[in-house]
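The chains referred to below are lettered A, B, ... by the order of the sequence lines, with proteins before strands, and numbering in each begins at 1.
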2 protein chains.
Amino acid sequence: MITNFNKSEFIQKIQANCDRINIKKFSKGENVTTYIENRNQLCIVLKGEVDLIRYDFNGNKTIIGHFTENDIFGEVFYPANTNNELFVEAKKNSEILFILYENVLNRCKKTCPFHDELYSGMADMVLQKVIELNTRIELLTKRNTRDKLLSYFDILSSNRLNKTITIPFSYTDLADYLSVDRSAMTRELGHLKEEGFIRKVGNTITLLY
Amino acid sequence: MITNFNKSEFIQKIQANCDRINIKKFSKGENVTTYIENRNQLCIVLKGEVDLIRYDFNGNKTIIGHFTENDIFGEVFYPANTNNELFVEAKKNSEILFILYENVLNRCKKTCPFHDELYSGMADMVLQKVIELNTRIELLTKRNTRDKLLSYFDILSSNRLNKTITIPFSYTDLADYLSVDRSAMTRELGHLKEEGFIRKVGNTITLLY
DNA sequence: ACCAATCTGTTGCAAATGCAACAGAAAAAA
DNA sequence: TTTTTTCTGTTGCATTTGCAACAGATTGGT
């Protein structure tokens, strides 16, 4: 990040200082989308995990985004005219903070002392989101399943500063996230193992290179 | 967009009101990257077209982004640790505006009357960038070449409100943009033509559905 | 503890894609 | 204008991927 912005600290401050927010709880498997009244809402995951999902006309599922604690998402980030319906599904029991984008743009009370901080913190979060999205684009532009897997492992590994990583998905979902066929992906994981690139135990992968 | 934000108007205002900006001209084919002194710079295309390009270790080229008039780009938007080198190349004679992200965050003079507008305009531009990136992600998550082409055409078509579109790329570059093999893409374009989905004359495509 | 649902690994086969190579068209440079 | 370079369309072939189906493992619910 550009600034030494502390996301989780900022999110706590919002909860303490802003009275325009709304917090809702969702059970595992619940569809979050139906509770989003307004496109112009920013949503922040306080606890749990949610996936942003698209089903195309063939019934293919794609995990457009996977959000965990302190991640931000929302329809604000998507073109209004999209012909695909997007769903947000809680993968675990989750707690989501909602705030209208208008409330970030416009000061609620003339005197609200927190507003400047809210505004610039949100700007930082959106910039961080841009970086995430570009990372995802780098992943998706990889030409084949092998390169997607290796890039994905690299990203996780460099985030956690560890050659051994735990995949935060089921393999079924990982395939949907990388936008490849699950069986083909399993096959490719097998090849990577045989060729000595990785060690694989359950959903724990160790990079051997 | 959320607000009725006018991007080109805003960009003109920056040029008229902010003295912290820097404008440079680039000739077709020139590498813009080498002129970017600072990662923390926002770059806006005033005139012309530039591509953001990655070459992987196999020499495969990917067009990560294609930017035209009023588009914003910059290394600020990319993770600092990326092991791929990114290049920005002018595809036409171009004019680029540079502004340090610090100058957006921090008021230059205590009294600068333009600063609030600069800040909120930039926030709008970054939000718009998020939408663009999500659109691109939707494209890249399509499972096969046909769906990528059709989605790409759809996006162009709905942007221009016209069933007939002109591709702003050479076909070679379009393949790099969609992250597919060029010859396979040409083949697929042929099928789409045969099957009556599109009409194709040069780089003009008409959607027939 | 049981049953149901989901996930995982696997395989054969069909289809799609990538790769390499080439010739003519088009565009850029000289 | 001529020459050189890049772009486009095409094809054969090897490889990768997707699809369908299945059995065993794992997980979740009751």
Residue met sooner reading DNA chain C from 5', once Asp181(B) and Lys28(B) are mapped to nucleotides: Asp181(B)
Parallel, tilted or perpendicular: rings of Tyr177(B) and Phe169(B) (30°, 60°): tilted
Nucleotide nearest Arg182(A) (side chain, heavy atoms from C-beta), chosen from dT8(C), dT17(C), dT10(D): dT8(C)
5′-ward residue of the pair Thr186(A)/Asn144(B) relative to DNA chain C: Thr186(A)
Whole angstrom value for the distance that separates P of dG18(D) from CZ of Arg146(A): 15 Å
Lys193(B) NZ to dT10(D) P, straight-line distance once rounded to whole Å: 7 Å
Sugar-phosphate only, base, or nothing, as touched by Lys200(B) at under 4.0 Å among non-hydrogen atoms: sugar-phosphate
dG9(C) phosphate, OP1 or OP2, under 4.0 Å from Ser183(A) side-chain N/O: no
Whether Phe10(A) and Phe114(A) hold their rings parallel, tilted or perpendicular, with breakpoints at 30° and 60°: parallel
Nearest-angstrom distance from the residue atom NZ of Lys92(A) to C1' of dG28(D): 15 Å
Greater than 12 external heavy atoms within 6.0 Å of Lys24(A)'s NZ: yes
Length of the CG-C1' vector between Asp176(A) and dT17(D), whole Å: 15 Å
Met185(A) CE to dG9(C) C1', straight-line distance once rounded to whole Å: 11 Å
Audit row: Ile64(B), Tyr78(B), side chain to side chain contact (heavy atoms under 4.5 Å, CB included) steps and yes/no: CA-CA 11 Å; Ile64(B) 307 272; Tyr78(B) 291 85; 3.7 Å; yes
Phosphate OP1/OP2 of dT6(D): any Ser170(B) side-chain N/O under 4.0 Å: no
Side chains of Arg187(A) and Thr145(A), donor plus acceptor under 3.5 Å: no
For atom CG of Leu192(B) and atom P of dA16(C), their distance in whole Å: 12 Å
Atom pair distance, as rounded to whole Å: CZ in Arg187(B) and C1' in dG9(D): 11 Å
Closest-nucleotide ordering on DNA chain D, the 5'-leading residue of Glu188(A) and Phe169(B): Phe169(B)
Atom pair distance, as rounded to whole Å: CG in Leu178(A) and C1' in dG18(D): 15 Å
